[in-house]
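One is the number of the first residue; the rest follow in order along the sequence.
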Amino acid sequence: MATITHFDIGADDMKRARTFYEQLFDWTFTEVPPPMDHYQLIATTGLDGKPGVGGGLMKRDAQGRTGITNFMGVASVDLALAKVKELGGQALSGRLTVPGFGYMAMCLDTEGNPFGLFQDDPQAQ
């Protein structure tokens with residue numbers, strides 16, 4: 001069963017957004033080197049002190065997204081994209097490589113809600 005494995009937050013002002021989430025939730029941020037320097041990784045911690053779902057902060061519209069987008073972990077982005085289309089959803093992108101992390105794709109569900117698919121593969125180039 002797929003679960004939320006990652007989230008992205010779009011921001012007009014990344015410094016302002018980072019400060020907000022650091023102070024509100026105690027999240028920690030890590031800068032990412034070029035070519036992904038428009039992106040920062042977010043580490044979260046649950047109330048029990050255990051690591052939570054990780055995320056990212058990005059300049060709004062850097063990937064055509066706004067607001068907060070959840071990513072579902074899947075075994076195969078390609079197979080999941082085919083199923084999205086079969087079930088009446090829409091693929092907004094094909095499979096995209098996230099070097100060193102895996103593969104992703106952006107979709108809309110049948111109600112127009114955006115979500116992402118993510119396939120873990122640390123060898124992705």
Atom pair CD/CZ of E31 and F29 - distance to nearest 0.5 Å: 10.0 Å
Minimum side-chain heavy-atom gap F115-N70 below 4.5 Å: no
So how far is it from H6 NE2 to T69 OG1, rounded to the nearest 0.5 Å? 9.5 Å
Atom CD1 in I42, atom OG1 in T28: separation rounded to 0.5 Å? 9.0 Å
Candidate pair M14 and Q40, rule side chain to side chain contact (heavy atoms under 4.5 Å, CB included), full reasoning: CA-CA 9 Å; M14 289 182 55; Q40 297 176 23; 3.6 Å; yes
All heavy atoms of M106 vs all of S93, minimum pair found to be N-OG, 2.9 Å
Once you round to the nearest 0.5 Å, how far does CZ of R18 lie from CG of D13? 12.5 Å
Looking only at heavy atoms, which two atoms of A124 and T97 are closest? And how far apart? CB-CG2, 4.0 Å
ring-ring contact (aromatic ring centres under 6.0 Å, His included) involving F7 - partner list, sequence neighbours excluded: W27
Using modelled atom types only, decide if a donor and an acceptor are shared between the side chain of K59 and the backbone of D12 within a distance under 3.5 Å. yes
Here the pair of heavy atoms bringing L108 nearest to L92 is CG-CD1, 3.8 Å
State, with a plain yes or no, whether a side-chain heavy atom of L96 is found less than 4.5 Å away from one of Y103. no
Honestly curious: do I68 and I4 fall in one hydrophobic cluster under the side-chain, below-4.5 Å linking rule? yes
For residues 87-103, which residue pairs qualify under salt bridge (charged side-chain N to carboxylate O under 4.0 Å, His left out), counting only residues two or more places apart or in two chains? D78-R95
When clusters are formed by joining ILVMFWY residues with side-chain heavy atoms under 4.5 Å apart, either directly or through shared neighbours, do L79 and V98 land in the same one? no
How close do Q125 and G100 get, counting heavy atoms only, and between which atoms? NE2-N, 4.2 Å
Between A105 and G94, which heavy-atom pair has the shortest distance, and what is it? CB-O, 3.6 Å
Check this for me: F101, atom CZ, are more than 12 non-hydrogen atoms of other residues, nucleotides or ligands nearer than 6.0 Å? no
Write down the atom of C107, the atom of L117, and the distance for their closest heavy-atom approach. SG-CD1, 3.8 Å
Same cluster for L87 and M72 if Ile/Leu/Val/Met/Phe/Trp/Tyr side chains link at under 4.5 Å? no
Just checking, is any N or O donor in the side chain of Y39 or D8 under 3.5 Å from an acceptor N or O on the other one? yes
Check the pair T44 / F25 against side chain to side chain contact (heavy atoms under 4.5 Å, CB included), numbers first and verdict last. CA-CA 8 Å; T44 71; F25 297 130; over 6 Å; no
Between atom OG1 of T5 and atom CZ of F71, what is the distance when rounded to the nearest 0.5 Å? 8.5 Å
Does Q119 reach the main-chain N or O of V77 with its side chain, forming a donor-acceptor pair under 3.5 Å? yes
Between T110 (side chain) and G89 (backbone), is there a donor-acceptor pair under 3.5 Å? no
